Chemist: 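The structure is given below, and queries will be raised subsequently.
Because the structure is predicted, anything quoted here is derived from the model rather than measured. In each ligand, atom 1 is the first atom listed, and ligand 1 is the first ligand listed. Side chains included, hydrogens not; waters and symmetry mates left out as well; all remaining heavy atoms used.
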Amino acid sequence: MARIALIFGISGQDGSYLARHLLDRGYTVHGTSRDCEIASFRNLTILGIRDRVNVHSATLHDFRSIVQVIRAVKPDEIYNLSAQSAVGLSFEQPVETIDSILNGTLNILEAVRFLGVDSRFYHASSSESFGNTLDEPASETTAFRPCSPYGVAKSAAHWMVANYRQAYGLYACSGILFNHESPLRPARFVTRKIVRGAIAVAQGRLKTLELGNLAVARDWGWAPEYVDAMWRMLQQDEPDDFVIATGRMHPLEDFVRLAFAHFGLDWREHVVQGATHRRPMDIHCSVGNPARAEARLGWKAETLMPDLVGRLVEAELALPQP
Ligand code: NAP
């Protein structure tokens with residue numbers, strides 16, 4: 001019998017790559033979107049799997065819709081990827097961010113308990129919970145010091161998952177994922193914006209690209225590899241939480257330099273740093289320690305900077321340009 005997976009938030013970057021990953025392993029894949037009638041499922045179409053997944057309308061705000069879809073699908077594994085996932089937007093929509101992340105996760109945990117199903121549960125925690133990683137790369141035992149409503153929401157949801165695991169014996173895990181990128185990332189995210197900007201400048205469609213603070217440093221990985229870590233977490237005998245990261249940190253300026261250098265351009269002649277993209281508060285440096293994931297899951301990031309930037313540029317060029 002094929003195993004059954006249910007992905008909340010299947011239309012997003014990670015949901016689409018995870019769906020492909022699970023289909024490749026013989027799973028029957030179901031996924032939710034807040035409104036299937038209007039969702040384009042563009043990412044599933046780009047990956048060529050739109051016809052191979054079963055989609056359902058469900059919103060994490062609505063306990064009944066979660067119960068209905070779990071009851072109908074009877075999943076062996078549930079992945080919660082649905083969220084307002086933009087850190088910058090969380091300053092403008094803090095209530096929606098808390099609601100979609102914290103209350104949404106709680107609604108799934110309660111639905112699993114209420115139905116008494118023994119589905120394994122994966123939750124998308126985030127490196128944003130750590131805030132600045134000051135002295136050393138963040139591990140599973142590093143304290144949370146979030147710097148945004150998004151980070152606060154992810155921190156609270158993370159502890160809610162741990163609490164349900166301990167209090168009720170649920171098989172529930174959180175992957176604390178550091179930034180991971182792909183051509184499926186929406187253009188509002190800075191990495192996609194840089195890649196698209198560099199291409200537009202190289203093709204003569206744009207003179208100057210305006211960006212925010214280029215001194216911030218991040219740990220960037222390749223999204224298709226990170227969904228494999230999610231799946232591996234749910235194959236362990238015992239549920240646990242894992243940091244998923246490359247373990248390397250680079251300033252955003254390096255990302256910009258590499259994207260423009262791909263076209264033989266000097267970024268300093270084409271980029272201006274403006275105040276408009278600055279957040280009320282931002283993380284300056286963020287890097288993770290993936291040692292536990294490597295030891296226990298056998299998972300290790302393969303795609304590192306600068307290869308990551310080259311892959312993103314090539315993938316973007318393969319898409320129809322505006
Ligand atoms: P994404 O592309 O933004 O996908 C998330 C999906 O959640 C959306 O496609 C949307 O699907 C749904 N959603 C539910 N409530 C929403 C709301 N209020 N506003 C906007 N969308 C909402 O995110 P992702 O990059 O795949 O990330 C997957 C999960 O991992 C998220 O929980 C994210 O916070 C977390 N995460 C991501 C990263 C990263 O670097 N990508 C790092 C750490 C953690 P419908 O519109 O179809 O409902």
Chemist: Specify the protein heavy atom at minimum distance from atom 25 (O) of ligand 1: its residue, its atom name, and the distance to 0.1 Å.
Modeler: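 Residue, atom and distance for the closest contact: Arg185 NH1, 3.6 Å.
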
Chemist: So which heavy atom in the protein is nearest atom 18 (N) of ligand 1, and how far is it from that ligand atom?
Modeler: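 Here the nearest protein heavy atom works out to Glu96 OE2, 2.4 Å.
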
Chemist: Please find out if less than 6.0 Å separates the ring center of His30 from that of His56.
Modeler: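 Yes, the ring of His30 comes within the 6.0 Å limit of the ring of His56, centre to centre.
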
Chemist: Which heavy atom of the protein is the closest neighbour of atom 29 (C) of ligand 1, given with residue, atom name and distance?
Modeler: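 Atom 29 (C) of ligand 1 sits closest to the protein heavy atom Leu81 O, 3.3 Å.
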
Chemist: How close does the nearest protein non-hydrogen atom get to atom 27 (O) of ligand 1, and which residue and atom is it?
Modeler: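 Answer for atom 27 (O) of ligand 1: Asp14 OD2, 3.7 Å.
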
Chemist: Looking at Phe189, does the NZ or CZ of Arg185 lie under 6.0 angstrom from its six-membered ring centre and within 45 degrees of the ring axis?
Modeler: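 Judged by the rule, Arg185 and Phe189 form a cation-pi pair.
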
Chemist: Given Tyr150, Trp220, Phe189, which has its nearest heavy atom closest to atom 35 (C) of ligand 1?
Modeler: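 The nearest heavy atom belongs to Tyr150.
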
Chemist: Side chains of Gln235 and Glu77: do they bring a donor and an acceptor to under 3.5 Å?
Modeler: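 A donor-acceptor contact under 3.5 Å links the two side chains.
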
Chemist: Does any N or O atom in Leu177 lie less than 3.5 angstrom from one in ligand 1, N or O only?
Modeler: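 Min N/O separation from ligand 1 is not below 3.5 Å for Leu177.
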
Chemist: Identify which of Gly12, Ala86, Ala83 has a heavy atom lying nearest to atom 7 (O) of ligand 1.
Modeler: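 It is Ala83 that holds the nearest heavy atom.
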
Chemist: Looking only at protein heavy atoms, which one is nearest to atom 30 (O) of ligand 1, and how far off is it?
Modeler: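 Among all protein heavy atoms, the one nearest atom 30 (O) of ligand 1 is Ala124 CB, 3.4 Å.
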
Chemist: Considering Ser11, Gly9, Gly221, Gly175 one by one, which has a heavy atom nearer to atom 11 (O) of ligand 1 than any of the others?
Modeler: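 Residue with the shortest heavy-atom distance to the ligand atom: Ser11.
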
Chemist: Who's closest to atom 39 (C) of ligand 1 heavy-atom-wise, of His180, Gln13, His123?
Modeler: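 Looking at heavy atoms only, the winner is His180.
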
Chemist: Which ligand 1 atoms does Asn179 reach within 4.0 Å, using its non-hydrogen atoms?
Modeler: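 Answer, ordered by atom number: 40 (O).
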
Chemist: Regarding Asp99 and His61, is there a side-chain donor-to-acceptor distance under 3.5 Å anywhere?
Modeler: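 Checked: Asp99/His61 side chains pair up, N/O donor to acceptor below 3.5 Å.
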
Chemist: Check each of Ser85, Ser127, Ser33, Ser125 against atom 44 (C) of ligand 1 and report the one with the nearest heavy atom.
Modeler: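 The option holding the nearest heavy atom is Ser125.
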
Chemist: Please work out whether the ring planes of Phe260 and His270 are parallel, tilted or perpendicular, with thresholds of 30° and 60°.
Modeler: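 Judged by the thresholds at 30° and 60°, the geometry between Phe260 and His270 is parallel.
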
Chemist: Quick one: does ligand 1 sit under 4.0 Å from the side chain of Glu181, the backbone, both or neither, non-hydrogen atoms only?
Modeler: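 No part of Glu181 is near ligand 1 at this cut-off.
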
Chemist: Which heavy atom of the protein is the closest neighbour of atom 16 (C) of ligand 1, given with residue, atom name and distance?
Modeler: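 I find the closest protein heavy atom is Arg34 NH1, 3.2 Å.
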
Chemist: Just grab all the side chain to side chain donor-acceptor pair (under 3.5 Å) pairs involving residues 141-152, residues at least two apart or on different chains.
Modeler: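 Matches after skipping sequence neighbours: Ser139-Thr141.
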
Chemist: Taking salt bridge (charged side-chain N to carboxylate O under 4.0 Å, His left out) as the cut-off, I'd like each qualifying pair that reaches into residues 32-56, sequence neighbours left out, listed once.
Modeler: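 Qualifying pairs: none.
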
Chemist: Parallel, tilted or perpendicular: which one describes the rings of Trp159 and Phe144, with boundaries at 30° and 60°?
Modeler: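 Tilted: the ring planes of Trp159 and Phe144 meet at 30° to 60°.
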
Chemist: Ignoring hydrogens and geometry, is there a side-chain-to-backbone donor-acceptor pair from Arg192 to Arg188 under 3.5 Å?
Modeler: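 Here the side-chain-to-backbone pair does not exist.
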
Chemist: Which residue owns the protein heavy atom closest to atom 12 (C) of ligand 1, what's the atom, and how far is it?
Modeler: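 Protein heavy atom at minimum distance: Ser82 OG, 3.5 Å.
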
Chemist: If we count only N and O atoms by modelled type, under 3.5 Å, do the side chains of His123 and Asp241 hold a donor and an acceptor together?
Modeler: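 Asp241 and His123 do not have a side-chain donor-acceptor pair below 3.5 Å.
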
Chemist: Enumerate the atoms of ligand 1 whose separation from the nearest heavy atom of Lys154 is less than 4.0 angstrom.
Modeler: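 Per the distance check, 31 (C), 32 (O), 33 (C), 34 (O), 35 (C).
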
